[in-house]
Peer 1: 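For reference, the structure I am asking about is given below.
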Amino acid sequence: MKRIFEIDPWKVTTHKFSTEDKRLQESLTAIGNDYMGMRGNFEEGYSGDSLQGTYLAGVWVPDKTRVGWWKNGYPEYFGKSLNAPSFIGIGITINGEKLDLAKVNFSDFTFSLDMHQGLLSRSFIYEGKGVKVKFEFERFLHITLKEAALIQVKITVLSGNAKIDFDSTLDGTVVNEDSNYDEHFWISRGENAAARTIKVETKANPYKVPRFTVLLKESLRHNGQIIRGDVTTDKAKLSEKFSVNLHEGESYDLEKDVIVVTSRDVKPDEQDEKAAALMKKLQVKSFAENLADHTAVWQKRWDKSDVVIAGDAAAQQGIRFNILQLFMTCYGEDKRLNIGPKGFTGEKYGGATYWDTEAYIIPMYLCVTKPKVTRALLQYRHDQLPGAYHNAKQQGLKGALFPMVTFNGIECHNEWEITFEEIHRNADIPFAIYQYTNYTGDDSYVKNDGMDVLVATSRFWADRVHFSKWRNKYVIHGVTGPNEYENNVNNNWFTNTMARWLLQYTLERLPKASKEAQARVNVSDKEKAKWQDIVDNIYLPEDKKLGIFLQQDDFLDKDIRPASSIPKDQRPINQHWSWDRILRSPFIKQADVLQGIYFLNDRYTKEEKERNFDFYEPLTVHESSLSSCIHSILASELGKKKQAVNFYERTARLDLDNYNNDTVDGLHITSMSGSWLAIVQGFAGMRYDHNQLRFNPFVPDSWDHYSFKINYRGRLIKGYADHKEIKLTLIKGEKLMVTVKDKKLELKEGETTCLKD
């Protein structure tokens, strides 16, 4: 664990600059606005070790799949989120010395991300020969004018005289750090010095994947007046230079306004006109006025989603940081988009969509955003059904197989044991339809488009299982469960359980579907009978002596020993052990059996939950960012309060404290919802099954109290708990009966209902 930022409830701030932690700082100060985002790179540039990264939502390229041994069914390409043209550049030279914190002398360094508004600021004092100059940078990505980025630098000469040379750049010559041989994915499509624009296009590909064209436009302002420096251009690059002379005590403010438009929204031949109109709209207001508009929208978001923790500032900072980063990545306003594991913070995992969204983010977003946000995420998968049908066909299977990794619905991940064995996702993704319907009470989606998804995935499972005459049961061979430290196993309990659940749920919902949907999916009586037979007769491995569900066949053949037996200098094992050693070990990467118990919580007794938790948790190394939250929620339910809090701390501060020593290449965006779930579903014990909203709260010993808000079926409810009482306030909406610690309570609008603990 490494903590490089100070503890503060609303800021992520450091007063130290460490070259060895530069990449970690960049990850933790990343910002975004649902349309684009970037790492916390320095505007003036930095010649030391750094991961320069700017990313545009939905903009990607297909890169040829390269594997040592090709197998039929492999995807043709690997999808990559592109390192987009950099637009933050403001090169600065003071009296002939280039400002570069890797080389110059400086002091009073401060770097801060304000979580109220997603505002990134940095300041320091440059110390040159006979001169001291204070630099103050601020930047944000506009939340109401999403194509806009605003950067401001204030320069104050503290002593001496300074000639300041500026070089504002737009740079389309960037490359992905993981590209082969510095391969360039961007091609210049023209630069316009007069308009201060560059236009680039993704390179051609043989896969019929559309190419993306991006136009960037800059404009410089001082005191509200547009500055026009000397502009030079090169292929995919623009440079605008000018100078100012400042005497001791004088200051100078420079604002750089940037507009970014892509062919996802604007045709290439219309981009110049559109960018000019957007720039005009942006520059009607000053930096401060635009920031005020931006902040007002953030405040509305926080009003609905903030979690307040008293007594533990580190816990408070962790939950707010995670909510901020999630909302900066995706707020569901564009149904073409989903949430990549790294968001706008790095290149790892290709930046594409995984099953994480449905399993971890939707349960949170249902509660803190409007239903249309979750509905958009469901629609994203429905719209990509053609790709899912293609994926199943590639494997010689019926129905639809949702991809492990995708931008367009077609599988684009090239690791066989993950891509085509970790098929549990084909039930986890449809499970979000159930969650949406169950929580909102709105069955309009499952009756129509949702039925397309349920039937398509059910047909896949009905073809993927096979009947074992020896067991007299249906079995599923050759899979990888959520525990990716086990590959190519037979009868993974979680996979079989979720496949059965999906078939059962589809059969339950089919008669309730709209006539149009029923006609469209056209499920025959023969199919229904086969699905029911699978539901009734699928094999679910268990050990009756231990009273546990077996993670998969033969799991108990392993050398069962706790993860605490691993020497500390060999953790994490994924960075110290060979893959062969990991696969043969009993150690579990993340919740597997326990993931199924979490999903289908109301189907298992407390005793079943406890036996499985007590068996599997000690074997778990939690080397997936998705692990701690599930364990925290179940530990809370089982009264294991100390474990619940420890797991919460890990999920809440996974990146801030760099628990897994891998935050340098980007944040773990899709696991960040886990900290919210650990509080609301864990500590507060919120459940919403069978049309009943229930709570069973406890307060961690180190906390004084906590509160949160949820949207539930048209109502806004505030929950509060301390060591003496529990309060529920119906802020808005119709009265509602809820259950708190097995007691029925009626909530009325504008009233607070109190229960002594």
Side-chain angles (χ1 to χ4, degrees), residues 1-6 11-33 36-56 81-92 99-104 106 109-115 118-124 135-141 149 151 153 169 171 174-179 258 317 321-322 324-326 328-329 340-349 351 625 653-669 672:
M1 184 180 78
K2 188 167 188 177
R3 184 170 290 172
I4 65 169
F5 284 90
E6 300 158 11
K11 290 185 178 181
V12 176
T13 301
T14 183
H15 292 90
K16 298 177 181 178
F17 178 71
S18 170
T19 54
E20 66 180 25
D21 293 324
K22 181 67 167 60
R23 288 189 179 220
L24 186 55
Q25 282 190 344
E26 290 171 348
S27 294
L28 294 173
T29 54
I31 59 174
N33 69 351
M36 59 183 169
M38 65 189 67
R39 292 169 60 81
N41 303 123
F42 293 172
E43 287 87 350
E44 72 277 14
Y46 181 77
S47 63
D49 182 54
S50 170
L51 175 55
Q52 189 278 327
T54 303
Y55 309 96
L56 305 175
S81 181
L82 281 184
N83 194 348
S86 175
F87 51 77
I88 66 169
I90 306 176
I92 297 173
L99 185 61
D100 179 352
L101 296 193
K103 298 178 179 180
V104 302
F106 64 95
F109 179 83
T110 300
F111 200 16
S112 182
L113 174 59
D114 185 334
M115 295 187 286
L119 176 68
L120 187 61
S121 60
R122 181 168 52 98
S123 66
F124 56 88
F135 288 90
E136 299 170 89
F137 293 88
E138 288 186 321
R139 78 170 179 255
F140 69 97
L141 300 178
I151 305 155
V153 56
T169 59
D171 186 3
V174 296
V175 297
N176 276 44
E177 190 170 61
D178 66 351
S179 63
V258 178
Q317 183 185 43
F321 178 74
N322 292 345
L324 171 80
Q325 290 293 343
L326 279 166
M328 287 198 299
T329 303
K342 291 294 179 185
F344 297 123
T345 72
E347 301 168 12
K348 194 174 180 181
Y349 305 123
S625 62
R653 298 191 61 84
L654 179 76
D655 287 315
L656 285 172
D657 292 339
N658 197 19
Y659 268 97
N660 286 348
N661 195 33
D662 61 357
T663 299
V664 292
D665 52 24
L667 304 176
H668 298 82
I669 297 295
M672 286 181 162

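Every value quoted in this text rests on a predicted model; they were computed, and no experiment measured them. Numbering starts at 1 and runs along the sequence shown.
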Peer 1: Suppose we screen for ring-ring contact (aromatic ring centres under 6.0 Å, His included). Which residues come up paired with Tyr46, at least two apart in sequence or across chains?
Peer 2: Phe17, Phe42
Peer 1: Under 3.5 Å, side chain of Asn83 to main-chain N/O of Val175, donor-acceptor pair present?
Peer 2: yes
Peer 1: For Asn660 and Asp662, indicate whether the former's side chain and the latter's backbone hold a donor-acceptor pair under 3.5 Å.
Peer 2: no
Peer 1: Just wondering, do Thr54 and Val174 contact through their side chains at under 4.5 Å, heavy atoms?
Peer 2: no
Peer 1: Please check: side-chain N/O of Asn41 versus main-chain N/O of Gly53, any donor-acceptor pairing under 3.5 Å?
Peer 2: yes
Peer 1: Can any side-chain N or O of Thr345 pair as donor or acceptor with the backbone N or O of Leu667 at less than 3.5 Å?
Peer 2: yes
Peer 1: To the nearest 0.5 Å, how far apart are CD in Glu136 and CZ in Arg122?
Peer 2: 11.5 Å
Peer 1: Can you tell me how far CG of Leu101 sits from CG of Leu99, rounded to the nearest 0.5 angstrom?
Peer 2: 5.5 Å
Peer 1: Any side-chain to backbone donor/acceptor pair from Asp49 onto Arg23? Under 3.5 Å, distance only.
Peer 2: no
Peer 1: Distance check, rounded to the nearest 0.5 Å: Ser112 atom OG versus Glu6 atom CD?
Peer 2: 8.5 Å
Peer 1: Side chain of Arg39, backbone of Ala30: donor and acceptor closer than 3.5 Å?
Peer 2: no
Peer 1: Closest heavy-atom contact between Ile88 and Met38?
Peer 2: CG2-SD, 3.5 Å
Peer 1: For Gly118 and Met328, which heavy atoms make the closest approach, and how far apart are they?
Peer 2: CA-SD, 4.3 Å
Peer 1: Can you name the closest pair of heavy atoms from Phe344 and Leu56 and give their distance?
Peer 2: CE2-C, 4.3 Å
Peer 1: Can you tell me how far CG of Asp21 sits from OG1 of Thr14, rounded to the nearest 0.5 angstrom?
Peer 2: 8.5 Å
Peer 1: If we ignore hydrogens and angles and just use 3.5 Å, is the side chain of Gln317 paired with the main-chain N or O of Lys11 as donor and acceptor?
Peer 2: yes
Peer 1: Short question: side chain of Ser27, backbone of Val664 - any donor-acceptor pair under 3.5 Å?
Peer 2: yes
Peer 1: Would you give the length of the straight line joining atom CZ of Phe137 to atom OG of Ser123, rounded to the nearest 0.5 angstrom?
Peer 2: 10.0 Å
Peer 1: Hey, is the main chain of Ser81 close enough, under 3.5 Å, to the side chain of Asn176 for a donor-acceptor pair?
Peer 2: yes
Peer 1: On a heavy-atom basis, which atom in Lys22 and which in Ser50 lie closest, and how many Å separate them?
Peer 2: NZ-OG, 4.1 Å
Peer 1: Any sub-3.5 Å donor-acceptor pair from Asp114's side-chain atoms to Leu119's backbone N or O?
Peer 2: no
Peer 1: Drop me the distance from Glu177's CD to Leu51's CG, to the nearest 0.5 angstrom.
Peer 2: 5.0 Å
Peer 1: Between Val12 and Phe111, is the side-chain contact (heavy atoms from CB on, under 4.5 Å) condition met? List the steps.
Peer 2: CA-CA 8 Å; Val12 176; Phe111 200 16; over 6 Å; no
Peer 1: When you compare the side chain of Thr663 with that of His668, does any pair of heavy atoms fall below 4.5 Å?
Peer 2: yes
Peer 1: For the residue pair Tyr55 and Leu82, what are the closest heavy atoms and their distance?
Peer 2: CD2-O, 3.2 Å
Peer 1: Give the C-alpha distance, both sets of side-chain angles, the deciding distance and a yes or no for side-chain contact (heavy atoms from CB on, under 4.5 Å) between Glu20 and Ile4.
Peer 2: CA-CA 11 Å; Glu20 66 180 25; Ile4 65 169; over 6 Å; no
Peer 1: With heavy-atom distances below 4.5 Å as the criterion, would you say the side chains of Leu113 and Leu28 are in contact?
Peer 2: no
Peer 1: Compare all side-chain heavy atoms of Ile92 with those of Glu43 and state whether any distance is below 4.5 angstrom.
Peer 2: no
Peer 1: Measure across Phe87 and Ile151 and return the closest heavy-atom pair with its distance rounded to 0.1 Å.
Peer 2: O-CD1, 4.1 Å
Peer 1: Heavy atoms, side chains only, cut-off 4.5 Å: are Phe321 and Met672 in contact?
Peer 2: yes
